[in-house]
Number of protein chains: 2
Amino acid sequence: MSQHRHPGAPGRAGAVPALPDLPEATVARLPEYLRALHNLADSGHETVSSEGLSAAAGVNSAKLRKDLSHLGSYGTRGVGYDVALLIEQIEYVLGLTQRRAVALVGVGNLGHALAGYDGFASRGFRIAALLDADPSRVGEEINGLVVRHVDELPVIAVQESIAIGVIATPAAAAQRVADQLVAVGVTSILNFAPCVLSVPEGVDVRKVDLAIELQILSFHEHRKASLTALPGGLAATETQEAIGT
Amino acid sequence: MSQHRHPGAPGRAGAVPALPDLPEATVARLPEYLRALHNLADSGHETVSSEGLSAAAGVNSAKLRKDLSHLGSYGTRGVGYDVALLIEQIEYVLGLTQRRAVALVGVGNLGHALAGYDGFASRGFRIAALLDADPSRVGEEINGLVVRHVDELPVIAVQESIAIGVIATPAAAAQRVADQLVAVGVTSILNFAPCVLSVPEGVDVRKVDLAIELQILSFHEHRKASLTALPGGLAATETQEAIGT
DNA sequence: AGGCGCTTGTGAAGACGTGCACAAATCGCG
DNA sequence: CGCGATTTGTGCACGTCTTCACAAGCGCCT
Ligand SMILES: NC(=O)c1ccc[n+]([C@@H]2O[C@H](COP(=O)([O-])OP(=O)(O)OC[C@H]3O[C@@H](n4cnc5c(N)ncnc54)[C@H](O)[C@@H]3O)[C@@H](O)[C@H]2O)c1
Ligand SMILES: NC(=O)c1ccc[n+]([C@@H]2O[C@H](COP(=O)([O-])OP(=O)(O)OC[C@H]3O[C@@H](n4cnc5c(N)ncnc54)[C@H](O)[C@@H]3O)[C@@H](O)[C@H]2O)c1
């Protein structure tokens, strides 16, 4: 390590938050570690080794240690990591110490499922608004929340301090919705519609596309099939990877 | 280009499929290109330049060209790519020339939405079975398919030639379901439950975790906030979250 | 106190992915 | 037929990510 005395500890720190800028790949894995840590905590573990945690999270242990070292984390050599402390650290870095408000736009087939999902609440988020453009859906109550018209977004965004927008509308409407979200100051969007969104710099978009996942799986199926079909004669039967360098 | 005369053309090919082993990153982008190409085809375009297609898919044009070059694709210098041909090529490589059968296990909140989703059919897949362990759900009809008991999986897998399993059960049941899927010969799994699955070598698992996506967005929100707060003078105006241990 | 075994944190090397920039190829037109 | 405009395919350099391997640190036991 080189240039930070305070690793960004949540504890005292009247000083700077000093968010180290983590590698993107690391950020994507922190939530996995966090989930694994919560499981460990629930089952009574107080400490865990990098080996144990990496197994629970399904990654290589060296990678885990490097990831944690990036956030200046506290492990104890010969012992491992303090589970509770590590949870605190990761939640701090991920910005989960404040419960962020999510607006869900498009309460159709998928939107209903999302609205009824308890994984939001348990993982640091709060569904603060359900919005739809279809007047016949407005007014419907789901899980204690009333669906409101998407045009009310400007008011709601302020009232509820919306931090994240989730788009579950048809693809044709997604760009328009994204524009509306951006217009009210939302800078993070999760998009379920199968289309590319264009947004101004500074706005983060992540997408989830079911069909893409399936098509990637399909590719590997295809490849596996063509491999087992071919190598009758001479080729590597199985894990003959790592041939010459 | 060096060593392939046939780029793996789908048309005739009594010969070898000759699947080039594509970089994983490329495989992950091909479905994006495919979707963009279908859009272009629908709006009457017969050819498209790498610039145009890359814009539609939201990537850098050099990256697109390199990706396509990996599958030995046919572009025409000075003109661009033939849309229909490229669709054929990509669908061939992704193994979408046969419509793969998907078994959906866990017809709850999320499972219902997935079962009713038309994006499966339109992107190369067929929901061949809906399975659940809850007797009170068995028999229910969704979108023309009847929910059957998960114990019938062995029979159904053979009858329907299940290629891909989708897990939409609670996390606690996911590993068990995965084992059952593997036992009947499924080698590709898409997992919506927030947990790590352990499967034998040769089985591919992809996971979709909503909370992880939100937490990644949360991190960037946090970072953005701490950046705009800091560089003014010196102090962190906000981010006073997480007080004492 | 000292030594021993265990585990972290990290340097270094290699694999992988990205994007620039340009030569090679093709088309259309005069 | 030749030329210029255009666009592909790719060599190359750079950055990011992964993994190995090991020194440094820590706690426990004698
Ligand atoms: N259903 C799934 O399992 C599933 C899976 C993956 C992706 N998706 C994608 O998610 C999106 C939604 O899918 P769905 O099955 O829920 O569709 P849906 O048609 O059931 O629901 C779409 C909802 O969006 C609303 N809407 C339309 N335009 C709007 C606008 N401008 N502002 C606000 N709301 C608007 C509609 O009124 C409707 O309630 C689609 O893009 C789909 O491709 C769905
Ligand atoms: N609902 C969402 O929007 C959402 C979003 C992201 C992830 N998820 C995840 O998807 C999974 C399903 O979520 P949900 O909201 O649909 O839950 P749910 O409880 O509504 O549905 C789960 C279904 O799985 C069935 N099931 C349980 N054990 C089974 C077994 N061994 N074999 C077959 N079926 C079994 C149950 O009978 C039930 O019908 C969960 O792991 C959840 O974390 C849900």
Quiz prompt | Residues that A:Glu46 engages under side-chain hydrogen bond (donor to acceptor under 3.5 Å, both in side chains), provided they are two or more places apart | solution = none
Self-check item: Sequence-distant partners of B:Arg206, side-chain hydrogen bond (donor to acceptor under 3.5 Å, both in side chains), two or more places apart
Solution: A:Glu213
Quiz item: Nucleotide by nucleotide, 5' to 3', does protein get under 4.0 Å of the base (B), only the sugar-phosphate (S), or neither (-) in nucleotides 20-26 of chain C, counting heavy atoms?
Solution: BB--BBB
Would you mind reading off the distance between [X] atom [atom1] and [N] atom [atom2], rounded to a whole angstrom?
| X | N | atom1 | atom2 | answer |
| --- | --- | --- | --- | --- |
| B:Leu68 | D:dT7 | CG | P | 16 Å |
| B:Asp67 | C:dG17 | CG | C1' | 10 Å |
| B:Glu51 | D:dT8 | CD | P | 8 Å |
| B:Leu86 | D:dT8 | CG | P | 11 Å |
| B:Glu24 | D:dT18 | CD | P | 13 Å |
| B:Asp82 | D:dT8 | CG | P | 13 Å |
| A:Leu64 | C:dT10 | CG | P | 14 Å |

Identify all side-chain donor-acceptor contacts of residues 189-197 of chain B below 3.5 Å with residues at least two apart in sequence or on another chain.
residue  : atom : partner  : partner atom : Å
B:Asn191 : OD1  : B:Ala193 : N            : 3.0
B:Asn191 : ND2  : B:Ala193 : O            : 3.1
B:Asn191 : ND2  : B:Cys195 : O            : 3.4

Quiz prompt | A:Tyr81 versus A:Tyr74, closest heavy-atom pair with distance | solution = CD2-O, 3.6 Å
Quiz prompt | Over all atoms of both residues, closest heavy-atom pair of A:Ala168 and A:Leu110 | solution = CB-CD2, 4.4 Å
Exercise. In sequence, state the C-alpha distance, the side-chain angles, and the governing distance for B:Leu181 and B:Val203, and then conclude on side-chain contact (heavy atoms from CB on, under 4.5 Å).
Key: CA-CA 10 Å; B:Leu181 286 168; B:Val203 176; over 6 Å; no
Quiz item: Are the side chain of B:Arg100 and the backbone N or O of A:Gln215 linked by a donor-acceptor pair below 3.5 Å?
Solution: no
Quiz item: So, A:Ser218 side chain and B:Leu94 main chain: donor-acceptor pair closer than 3.5 Å or not?
Solution: yes
Quiz item: Mind checking what makes side chain to side chain contact (heavy atoms under 4.5 Å, CB included) contact with B:Ala84, not counting sequence neighbours?
Solution: B:Asp82
Exercise. For the side chain of A:Lys63, starting at C-beta, report the closest nucleotide among C:dT8, D:dC17, D:dT18.
Key: D:dT18
Exercise. Step by step, work out the side-chain contact (heavy atoms from CB on, under 4.5 Å) result for A:Asp204 and A:Thr187.
Key: CA-CA 6 Å; A:Asp204 285 304; A:Thr187 52; over 6 Å; no
Self-check item: side-chain contact (heavy atoms from CB on, under 4.5 Å) between B:Tyr33 and B:Val59, worked out
Solution: CA-CA 9 Å; B:Tyr33 304 155; B:Val59 302; 3.9 Å; yes
Stretch [range]: residues that reach within less than 4.0 Å of DNA chain D through a heavy atom:
| range | value |
| --- | --- |
| residues 25-34 of chain A | A:Ala25, A:Arg29 |
| residues 38-50 of chain B | B:Ser49, B:Ser50 |
| residues 195-209 of chain A | none |

Quiz item: Tell me, which pairs form a salt bridge (charged side-chain N to carboxylate O under 4.0 Å, His left out) where one or both residues lie in residues 27-42 of chain A, sequence neighbours left out?
Solution: A:Arg29-A:Asp67, A:Glu32-A:Arg35, A:Glu32-B:Lys207
Quiz item: Applying salt bridge (charged side-chain N to carboxylate O under 4.0 Å, His left out), which residue pairs with at least one partner in residues 186-199 of chain B are found, sequence neighbours left out?
Solution: none
Quiz item: Does a side-chain N or O from A:Tyr81 land closer than 4.0 Å to OP1 or OP2 of C:dG9, or not?
Solution: yes
Atom pairs, protein N/O to nucleotides 28-30 of chain C N/O, distance under 3.5 Å:
none

Quiz item: Hey, which of A:Arg223, A:Lys224, A:His222 is the one that makes side-chain hydrogen bond (donor to acceptor under 3.5 Å, both in side chains) with A:His220?
Solution: A:Arg223
Exercise. Start with the C-alpha gap between B:Ser69 and B:Arg65, add the side-chain angles, then the distance that decides, and say whether side-chain contact (heavy atoms from CB on, under 4.5 Å) holds.
Key: CA-CA 6 Å; B:Ser69 79; B:Arg65 288 197 297 278; over 6 Å; no
Exercise. Quick one: which residue pairs count as a side-chain hydrogen bond (donor to acceptor under 3.5 Å, both in side chains) with a foot in residues 166-181 of chain B, not counting sequence neighbours?
Key: B:Gln175-B:Asp179
